[in-house]
Number of protein chains: 2
Amino acid sequence: MSSKEQYIGQYFGIQPQLLPQTATFFKENALLKNEYFCRQGRNCNTLSFIRSGALRVFAYQDGKEVTQWIAAEGELITDLSSIMFGTTARWEIQALSDCELYSIDRNDLNRLGDFIPNWAALEKTFISKCFLMLEDRVFSFLSMTAEERYQQFLVKRMHLFNEVPHQYIASMLGMTPETLSRLRNKNLK
Amino acid sequence: MSSKEQYIGQYFGIQPQLLPQTATFFKENALLKNEYFCRQGRNCNTLSFIRSGALRVFAYQDGKEVTQWIAAEGELITDLSSIMFGTTARWEIQALSDCELYSIDRNDLNRLGDFIPNWAALEKTFISKCFLMLEDRVFSFLSMTAEERYQQFLVKRMHLFNEVPHQYIASMLGMTPETLSRLRNKNLK
DNA sequence: ACCACTGGTTGATATAGATCAAGAAAGCAC
DNA sequence: GTGCTTTCTTGATCTATATCAACCAGTGGT
């Protein structure tokens with residue numbers, strides 16, 4: 001089984017016999033560091049598995065960039081509103097490093113339902129899991145200090161520290177780079 | 001068309017001719033103030049439209065109650081993880097006032113797919129919208145001050161101020177009741 | 001009417017984390 | 001390597017918001 005098939009199977013729980021056919025819909029492509037996967041206000045018609053590299057989802061607020069999320073190897077990236085509802089994208093999505101992707105466009109994504117019997121249900125399941133993850137994230141802002149969010153991040157996604165600039169991690173965690181730096185320092189001692 | 005059918009049609013975009021049959025799955029029931037709709041750690045097998053009243057979704061953190069969400073008239077309430085995946089509930093959900101509900105249980109919810117052709121897709125759409133709402137909420141914690149979140153809340157859900165204790169709204173917005181009180185005071189002048 | 005209870009306000013103080021500013025390190029180009 | 005840019009760290013200060021504490025205003029029960 002190709003790596004591509006493994007990614008897809010893992011994410012959506014597609015029956016093994018349908019995997020090869022499903023996988024043909026996903027095309028390999030690449031992004032160079034700093035290239036945009038998608039621009040706010042334009043359409044984003046692509047959903048991709050990240051085979052290597054990392055991307056950051058952000059938006060501007062009062063002239064500053066606020067990082068909403070960082071997606072890395074083995075994860076999915078898209079602008080959900082655009083891919084699901086055909087709206088313009090809510091987010092800027094930019095490659096933090098050279099990226100290799102397996103990508104499917106909006107039309108093909110919708111066509112998957114034609115031969116995967118329970119495709120809508122699989123999508124529903126997938127989006128529900130994303131919802132629960134965001135629910136946890138909201139709760140972390142309601143109930144935790146910056147230091148606790150940092151600790152939790154260490155446990156869940158420590159590997160990102162070696163892959164992407166810390167300033168973006170700080171922003172994603174709702175703190176300044178200075179605060180993140182101090183927390184790291186404090187924890188090393 | 002009954003009010004029940006209107007609620008359901010509005011939320012899920014069900015074809016008018018299927019509405020009466022769909023509506024029969026939803027049973028009217030009521031909760032008294034302070035009664036629990038669902039308890040953390042137990043199963044939550046119900047999804048309900050709120051016909052009147054309000055409920056609060058919360059969890060305990062360090063012995064304190066942290067309010068994740070408040071749902072009011074015209075909105076849906078459930079513990080998504082429990083209803084979707086059959087897990088135990090992540091949240092405590094309690095009536096803030098006497099509530100009238102239209103409720104469907106997990107089995108019937110799954111049975112809706114048997115005669116509503118594109119039911120899974122409708123659910124997918126619904127959950128996606130919830131996801132986008134949470135995305136906005138996360139962004140509000142990343143990029144806004146307590147005062148700005150309060151202002152945004154005023155625009156979106158001001159009516160809740162007259163329906164539920166302010167301490168829960170404060171918690172949901174990620175601030176203390178004292179801070180909310182001061183912000184309100186400041187804005188009246 | 002009275003008491004008890006819950007919820008809201010106000011003031012004084014404390015503190016986590018932001019901001020501002022200056023260096024230090026680490027990448028990257030040539 | 002040498003310089004140039006980007007990122008990270010450290011220190012000094014400031015500020016939004018939390019905490020603690022007292023008090024006040026409703027509301028429901030008896």
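Since the model is a prediction, treat every value here as computed from it, not as a measurement. Residue numbers begin at 1 in each chain, while the letters A, B, ... track the order of the sequences.
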Next on the checklist: Would you say B:His166 places a side-chain N or O within less than 4.0 Å of OP1 or OP2 belonging to C:dG8?
Outcome noted: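 Looking at the OP1 and OP2 atoms of C:dG8, one of them is under 4.0 Å from a side-chain N or O of B:His166.
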
Checklist entry - Does the ring of B:Phe141 carry A:Arg137 above it, NZ/CZ under 6.0 angstrom from centre and within 45° of its axis? => result no

Next on the checklist: Taking the six-membered ring of B:Tyr36 as reference, does the cationic atom of B:Arg42 (NZ for Lys, CZ for Arg) lie under 6.0 Å from its centre and within 45° of its axis?
Outcome noted: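 Pair B:Arg42/B:Tyr36 does not count as cation-pi.
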
Checklist entry - For B:Asn107, what residues pass the side chain to side chain contact (heavy atoms under 4.5 Å, CB included) criterion, not counting sequence neighbours? => result B:Asp105, B:Arg111

Separation of [X] atom [atom1] from [N] atom [atom2], in whole Å?
X: B:Arg184; N: C:dT10; atom1: CZ; atom2: P; value: 10 Å
X: B:Lys186; N: C:dT10; atom1: NZ; atom2: P; value: 14 Å
X: A:Phe141; N: D:dA16; atom1: CZ; atom2: C1'; value: 17 Å
X: B:Glu163; N: C:dG7; atom1: CD; atom2: P; value: 16 Å
X: B:Leu183; N: C:dG8; atom1: CG; atom2: P; value: 15 Å

Checklist entry - In residues 170-181 of chain A, which ones come under 4.0 Å of DNA chain D, going by heavy atoms? => result A:Glu178, A:Ser181

Next on the checklist: Expected output is a numbered-order residue list: members of residues 142-156 of chain B with a heavy atom under 4.0 Å from any atom of DNA chain D. What is it?
Outcome noted: B:Thr145, B:Ala146

Item to check | For A:Phe25, the option from A:Phe49, A:Tyr102, A:Phe115 that meets ring pair (Phe, Tyr, Trp, His ring centres under 6.0 Å) | outcome: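 With A:Phe25 as partner, A:Phe49, A:Tyr102, A:Phe115 yield a single ring pair (Phe, Tyr, Trp, His ring centres under 6.0 Å), made by A:Phe115.
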
Item to check | Smallest separation among heavy atoms of B:Ala89 and B:Cys38, with atom names | outcome: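 Between these two residues, the closest heavy atoms are CB-SG, 3.6 Å.
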
Item to check | Overall bend - the helix from C:dA1-D:dT30 to C:dC30-D:dG1, comparing terminal axes fitted on five pairs, nearest 10 degrees | outcome: 50°

Which atoms of nucleotides 22-30 of chain C (N or O only) lie under 3.5 Å from a protein N or O atom, and what are those distances?
none

Which atom pairs, one a donor and one an acceptor, fall under 3.5 Å between side chains of residues 63-76 of chain B and the rest of the protein, sequence neighbours left out?
from: B:Glu65; atom 1: OE1; to: B:Arg56; atom 2: NH1; distance (Å): 3.0
from: B:Glu65; atom 1: OE1; to: B:Arg56; atom 2: NH2; distance (Å): 3.0
from: B:Glu65; atom 1: OE2; to: B:Tyr60; atom 2: OH; distance (Å): 3.4
from: B:Glu75; atom 1: OE1; to: B:Ala72; atom 2: N; distance (Å): 2.7
from: B:Glu75; atom 1: OE1; to: B:Arg157; atom 2: NH2; distance (Å): 2.9
from: B:Glu75; atom 1: OE2; to: B:Arg157; atom 2: NH2; distance (Å): 3.1

Checklist entry - Would the B:Phe58 and B:Tyr168 ring centres measure less than 6.0 Å apart? => result no

Checklist entry - For the rings on A:Trp91 and B:Phe139, is their centre-to-centre separation under 6.0 Å? => result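 Close enough - the centres of the two rings lie under 6.0 Å apart.
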
Next on the checklist: I want to verify a distance call: between C:dG7, C:dA12, D:dT7, whose nearest atom is closest to the B:Arg182 side chain?
Outcome noted: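 The closest nucleotide is C:dA12.
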
Checklist outcome for this item: Out of D:dT9, D:dT7, C:dT9, minimum distance to the side chain of A:Asn185 belongs to D:dT9

Item to check | Pairing of A:Lys4 and A:Glu28 as salt bridge, 4.0 angstrom limit | outcome: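 The answer is no: the pair does not qualify as a salt bridge.
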
Next on the checklist: Quick test of your reading of the model: are A:Lys27 and A:Asp108 salt-bridged, counting only N-O distances below 4.0 Å?
Outcome noted: no

Item to check | B:Ser103 side chain near B:Phe26 side chain, heavy-atom distance below 4.5 Å | outcome: no

Item to check | Residue pair B:Thr78 / B:Cys44, side-chain heavy-atom distance below 4.5 Å | outcome: yes

Next on the checklist: Tell me if a side-chain donor or acceptor on A:Gln94 pairs with a main-chain N or O of A:Asn34 at a distance below 3.5 Å.
Outcome noted: yes

